[in-house]
Amino acid sequence: MTAALPTTAPRVDAAARIEHAVEDRRSHRSRRIMTALFLAPTVVGLAVFTVFPIVASLLLAFFRWDIISPPEFVGLKNFADIGADPTVRVAFLNTIGFVVVAVALQLAVALGLAVFVQSKMPKWLRTFFRSALFFPLIVLAVPILSAASVSLMMAYLFNQDFGLVNKVLSFVNIPAVPWLTSRWGAVIVVILVYVWQNFGFTFLLFIGGLAAIPRDVYEASSIDGVTGYRQFRHITLPLLSPTVLVASVMAIIGALQIFDQPYVLTRGGPGDATRTAVMVIFESGFQQLRFGRASAIGIVLTLIIIGVTALQFRLSRRFVFYQ
């Protein structure tokens with residue numbers, strides 16, 4: 001007679017598998033809850049301080065609103081008004097002119113200094129120059145020494161009556177220059193202060209780009225008799241072109257949004273000589289309480305930034321060479 005097989009073991013295994021599946025489900029649910037809790041501050045902050053302002057700005061561009069009275073839908077009137085406003089046109093022209101000069105100067109100074117620092121010199125001297133040239137960017141990273149406070153100090157340096165710059169010029173019999181009260185003097189000061197405050201990051205990008213270029217390329221070119229400017233023109237620049245693209249894109253985006261320097265140094269003057277697009281947005285929104293107009297100007301500036309950036313990447317197909 002055949003003995004009956006025990007059925008206890010399979011039942012125990014099935015129960016264990018069910019219990020294990022339930023524990024896995026609970027563990028998975030707990031991980032999802034913990035992930036959501038950790039992401040919540042970032043998601044909420046992004047929604048409140050980025051997504052909501054963008055959506056609100058897009059909507060406000062089609063309304064007339066001064067906080068006091070209810071919003072009034074005006075369609076495209078805000079865009080038509082800023083197109084016919086000479087102050088807005090001058091501000092955008094000033095911004096474009098500033099971008100052309102300041103970005104070109106920023107890239108040239110940063111690249112020249114990066115090539116100089118990467119040249120043959122003692123390691124301690126190279127470290128000193130790197131730290132000294134990167135110092136303006138470190139200054140901007142300190143909250144108490146923001147771009148506005150640095151611009152305020154520069155305003156004292158370039159003061160016509162007691163500024164240090166004119167004091168130095170007086171030693172060589174040069175009369176006091178009205179840096180902040182003349183049209184071209186104000187433009188020059190704003191450009192110089194902006195470049196001084198922002199070239200440090202571009203300099204750092206170029207340092208990294210130059211360090212990534214293989215040294216054997218230079219050695220091979222030296223054997224072929226290519227040295228000096230020819231080596232820089234035909235080897236350094238082509239191999240550095242990806243870094244130049246990144247640096248120029250970031251520099252142009254930053255320069256199109258310039259506000260602190262002209263606002264603190266000149267308040268946009270004399271006249272409208274240093275008034276920029278962001279300054280007009282600030283004045284329209286927070287001084288005139290015309291938030292619909294300010295939003296419309298902001299949208300136009302954003303579209304210009306997107307268009308210029310897209311154009312840069314389009315042209316980069318011809319001028320950027322990847323190793």
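Scope of the values below: all heavy atoms of this structure, side chains included, with no hydrogens, waters or symmetry mates.
Note on residues 66-88: pairs passing salt bridge (Lys or Arg N to Asp or Glu O under 4.0 Å), not counting sequence neighbours, are Arg64-Glu72, Lys77-Asp81, Asp85-Arg293. Evaluation of the ring-ring contact (aromatic ring centres under 6.0 Å, His included) test over residues 295-316, restricted to residues two or more places apart or in two chains, returns none. Every pair tested for ring-ring contact (aromatic ring centres under 6.0 Å, His included) that includes a residue from residues 230-258 fails, sequence neighbours excluded, so the list is empty.
In this structure, CG in Asp216 is found 11.5 Å from OG in Ser222, a value given to the nearest 0.5 Å. We find the OG1-CE distance between Thr309 and Met250 to be 11.0 Å, quoted to the nearest 0.5 Å. Rounding to the nearest 0.5 Å gives a distance of 11.5 Å between CG of Leu39 and CG of Leu46. The line from CH2 of Trp196 to OG of Ser151 is 9.5 Å long, rounded to the nearest 0.5 Å. Rounding to the nearest 0.5 angstrom, the gap separating the CG atom in Asn94 from the CZ atom in Arg89 is 12.5 Å. The distance from atom CG of Leu76 to atom CZ of Phe79, rounded to the nearest 0.5 Å, is 7.0 Å.
Ala47 and Pro53 make their closest contact through O-CD, 4.2 Å (heavy atoms, listed as atom of the first residue, atom of the second, distance). Residues Ala91 and Val280 share a closest heavy-atom pair of CB-CG2, 3.3 Å.
In terms of modelled atom types and a separation under 3.5 Å, the side chain of Tyr194 and the main chain of Ala255 share a donor-acceptor contact. A donor-acceptor pair under 3.5 Å is formed between the side chain of Ser248 and the backbone N or O of Leu245. Checked by atom type and distance alone, the side chain of Thr274 pairs as donor or acceptor with a backbone atom of Gly268 at under 3.5 Å.
In the displayed structure, Arg233 atom CZ is contacted under 6.0 Å by at most 12 heavy atoms of other residues, nucleotides or ligands.
With sequence neighbours excluded, no residue satisfies salt bridge (charged side-chain N to carboxylate O under 4.0 Å, His left out) with Arg290. Listed by chain and residue number, Phe63 satisfy the ring-ring contact (aromatic ring centres under 6.0 Å, His included) test with Phe73 (two or more places apart in sequence, or in another chain). Partners of Val308 according to the side chain to side chain contact (heavy atoms under 4.5 Å, CB included) rule, which considers only residues two or more places apart in sequence or in another chain, are Ile252, Ile304, Gln312. For Thr302, the side chain to side chain contact (heavy atoms under 4.5 Å, CB included) test picks out Ile306, with sequence neighbours left out. Taking the ring-ring contact (aromatic ring centres under 6.0 Å, His included) definition, one finds that Phe206 meets it with nothing, sequence neighbours left out. For Tyr263, the ring-ring contact (aromatic ring centres under 6.0 Å, His included) test picks out Phe259, Phe282, with sequence neighbours left out. Shown here are the salt bridge (charged side-chain N to carboxylate O under 4.0 Å, His left out) partners of Asp260, two or more places apart in sequence or in another chain: there are none.
Under the 4.5 Å side-chain heavy-atom criterion for grouping Ile, Leu, Val, Met, Phe, Trp and Tyr, Leu60 is not connected to Leu301 through any hydrophobic cluster. In the hydrophobic clustering of this structure, Ile54 groups with Ile297; members are Ile, Leu, Val, Met, Phe, Trp, Tyr whose side-chain heavy atoms approach within less than 4.5 Å, directly or through other members. By the rule that hydrophobic residues join a cluster once side-chain heavy atoms approach within less than 4.5 Å of another member, Val300 and Val88 end up as members of one cluster. Cluster annotation: Val43 and Phe49 are assigned to distinct hydrophobic clusters (Ile/Leu/Val/Met/Phe/Trp/Tyr, side-chain heavy-atom contacts under 4.5 Å, transitive). Under a hydrophobic-cluster definition in which Ile, Leu, Val, Met, Phe, Trp and Tyr are linked whenever side-chain heavy atoms come within less than 4.5 Å, directly or via other members, Leu289 and Phe286 are assigned to different clusters.
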_Please evaluate residues Val177 and Leu169 with respect to the criterion side chain to side chain contact (heavy atoms under 4.5 Å, CB included), reporting the C-alpha separation (whole Å), side-chain torsions for both, the decisive distance (0.1 Å), and the verdict._
CA-CA 9 Å; Val177 179; Leu169 293 178; 4.1 Å; yes
_side chain to side chain contact (heavy atoms under 4.5 Å, CB included), that's the test. Do Leu58 and Ser295 meet it? Break it down for me._
CA-CA 7 Å; Leu58 291 173; Ser295 297; over 6 Å; no
_Intermediate values then yes/no, side chain to side chain contact (heavy atoms under 4.5 Å, CB included), Ile305 and Gln257_ = CA-CA 9 Å; Ile305 293 174; Gln257 302 175 75; 4.0 Å; yes
*Step by step, work out the side chain to side chain contact (heavy atoms under 4.5 Å, CB included) result for Phe62 and Asn78.*
CA-CA 7 Å; Phe62 302 97; Asn78 287 325; 5.9 Å; no
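Paired with Glu283 under the rule side chain to side chain donor-acceptor pair (under 3.5 Å), one option of Arg267, Arg275, Gln288 passes, and it is Arg275.
Between Asn159 and Phe162, some side-chain heavy-atom pair lies under the 4.5 Å cut-off. Proximity of Val117 to Phe203: side-chain heavy atoms (C-beta onward) are separated by under 4.5 Å at one or more points. Looking at heavy atoms from C-beta onward, Val190 lies in side-chain contact with Ile258 at the 4.5 angstrom threshold.
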Below 3.5 Å, can you tabulate the donor-acceptor pairs from side chains in residues 179-186 to any protein atom, sequence neighbours excluded?
unit_1: Trp179; atom_1: NE1; unit_2: Asn166; atom_2: OD1; d: 3.1
unit_1: Ser182; atom_1: OG; unit_2: Pro178; atom_2: O; d: 2.7
unit_1: Ser182; atom_1: OG; unit_2: Gly185; atom_2: N; d: 3.3

Contacts under 3.5 angstrom, residues 99-114 side chains, donor-acceptor by atom type, not counting sequence neighbours:
unit_1: Gln106; atom_1: NE2; unit_2: Asn198; atom_2: O; d: 3.3
unit_1: Gln106; atom_1: NE2; unit_2: Thr202; atom_2: OG1; d: 2.8

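Note on ring orientation: taking the six-membered ring where Trp is involved, the planes of Trp65 and Phe291 are tilted (angle from 30° to 60°).
Defined by atom type and a distance below 3.5 Å, a donor-acceptor pair is missing between the side-chain atoms of Thr276 and Thr95.
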